[in-house]
There are 2 protein chains.
Amino acid sequence: MRVVALGPIHGYAIAQRIQQISRDALQVQQGSLYPALHRLEYKRLLAAKWQPSETGRDAKFYELTARGRAYLITETENWKRFTDVVGLILKGTAEGVL
Amino acid sequence: MRVVALGPIHGYAIAQRIQQISRDALQVQQGSLYPALHRLEYKRLLAAKWQPSETGRDAKFYELTARGRAYLITETENWKRFTDVVGLILKGTAEGVL
DNA sequence: CGCGTATATGTAGAAGGATGAGGTATGAAA
DNA sequence: TTTCATACCTCATCCTTCTACATATACGCG
C-alpha cells in the first residue's frame, strides 16, 4: 500500500519497486501479491482501473482510496509500535544478556 | 526465544514477561505460546525440564540450546534487516509523498 | 472447610495468509 | 519464429494464529 501511495501503479511494477527499494532484500511473490491486491480492493482500500502501461500493454493500475489512505496511516503507526516493542525485547531492555 | 535467553523460564512467565516489557502492548495468547514452545522444543532450539516454580508448583522450564542460541542470533539479524527494509518503504526512500 | 482467583499447561477447530508451482497472453527482440 | 520480459491469475498445501475450551494445583479468605 505504501508503494501504491506514491501514485497509480500496477501489480507487476509494485513487486519490482519493492525489490528495487530493498536492494533485492525483499521480494514479494506473485502468489502473495495478486491475492493481497484483490483483498485490498475488496476491502475498498485500493481502487483499480485498466490502463495501458509504459510498455503499451493493458495493466491494472491501483490507487489508494480515502479509506486506504487512512488505513495506511494507522497501520503504519501500529507497525512502528509493534517493531519498537519487539526491539525492546530483542535488546533485552538493558538487562543485556546473551 | 529472546526472553528464554535471559535464563530458564516457564511458559506462563514468558507471557507475563513479554506483556510487562511491552507495557501491555504485546500479549502472547496461550493458544499461540504453548504450541510455539512445542515447535521450538521439537526443533531442538529449546530444551525443557520440569521443576518447581517460584510458587512451589511444578512447571516446565525452558532453556536455549546451543542451536537455539545460534538460531536466535541469525534470526535477530534477519528481523533487523527485514524491519529496516520495511522502514525504507514506509518512509518512501526520500520521495516523501502521502 | 469450601470457594474463588491466580497459576500453569495443554488441545481443537476455524480462519488467514504465504509459498511454490502452474497456467495464460502479449509485445519486442534475436 | 522462437524466446524473453511483461503482466495477470489460480490452486493445493502448509504454517501459524486466534478463540475457546479443558484440566489441575496452590493460596488466601470468609
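Computed from a predicted structure; not experimentally measured. Residue numbers begin at 1 in each chain, while the letters A, B, ... track the order of the sequences.
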If the cut-off is 4.0 Å, is [X] near the phosphate of [N], judged by side-chain N/O to OP1 or OP2?
| X | N | value |
| --- | --- | --- |
| A:R39 | C:dA15 | no |
| A:S32 | C:dT19 | yes |
| A:H38 | D:dT10 | yes |
| A:Y12 | D:dC8 | no |
| B:Y34 | C:dG10 | no |

Spacing of [X] atom [atom1] relative to [N] atom [atom2], expressed in whole Å:
| X | N | atom1 | atom2 | value |
| --- | --- | --- | --- | --- |
| A:L46 | D:dC8 | CG | P | 13 Å |
| A:K49 | D:dC8 | NZ | P | 15 Å |
| A:I14 | D:dA7 | CD1 | C1' | 12 Å |
| B:D58 | C:dT9 | CG | P | 10 Å |
| A:H10 | C:dT26 | NE2 | C1' | 14 Å |
| A:L33 | C:dG17 | CG | P | 14 Å |
| B:Q30 | C:dA12 | CD | C1' | 15 Å |
| A:L37 | D:dC9 | CG | C1' | 12 Å |

Original post:
Contact class for A:G56 (heavy atom, under 4.0 Å): base, sugar-phosphate, or nothing?
Top reply: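 Nothing: the residue A:G56, judged by heavy atoms under 4.0 Å, touches no strand.
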
Original post:
Which is true for A:Q27 with a 4.0 Å heavy-atom rule: it touches a base, it touches only sugar-phosphate, or it touches nothing?
Top reply: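 The residue A:Q27 makes no contact with any strand.
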
Given [options], identify the nucleotide with an atom nearest to the side chain of [X].
| X | options | result |
| --- | --- | --- |
| A:W50 | D:dC8, C:dG10, C:dA8 | D:dC8 |
| A:Q29 | C:dT19, D:dC8, C:dT9 | C:dT19 |
| A:Y62 | D:dA7, C:dG10, D:dC9 | D:dC9 |
| B:T55 | C:dA8, D:dA7, C:dT11 | C:dA8 |

Original post:
Do the ring planes of A:W79 and A:F82 sit parallel (below 30°), tilted (30 to 60°) or perpendicular (above 60°)?
Top reply: tilted

**OP:** Check whether any side-chain N or O of B:S22 sits under 3.5 Å from a backbone N or O of B:I18 as a donor-acceptor pair, and report yes or no.
**Re:** yes

**OP:** Answer yes or no: is there a donor N or O on one side and an acceptor on the other, between the side chain of B:S53 and the main chain of B:D58, under 3.5 Å?
**Re:**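 Here the side-chain-to-backbone pair does not exist.
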
Subject >> Nearest non-hydrogen partners of B:T65 and B:R44, listed with the distance >> reply: OG1-O, 2.7 Å

Original post:
If you take all heavy atoms of B:L64 and B:V4, which pair is closest and at what distance?
Top reply: N-CG1, 3.7 Å

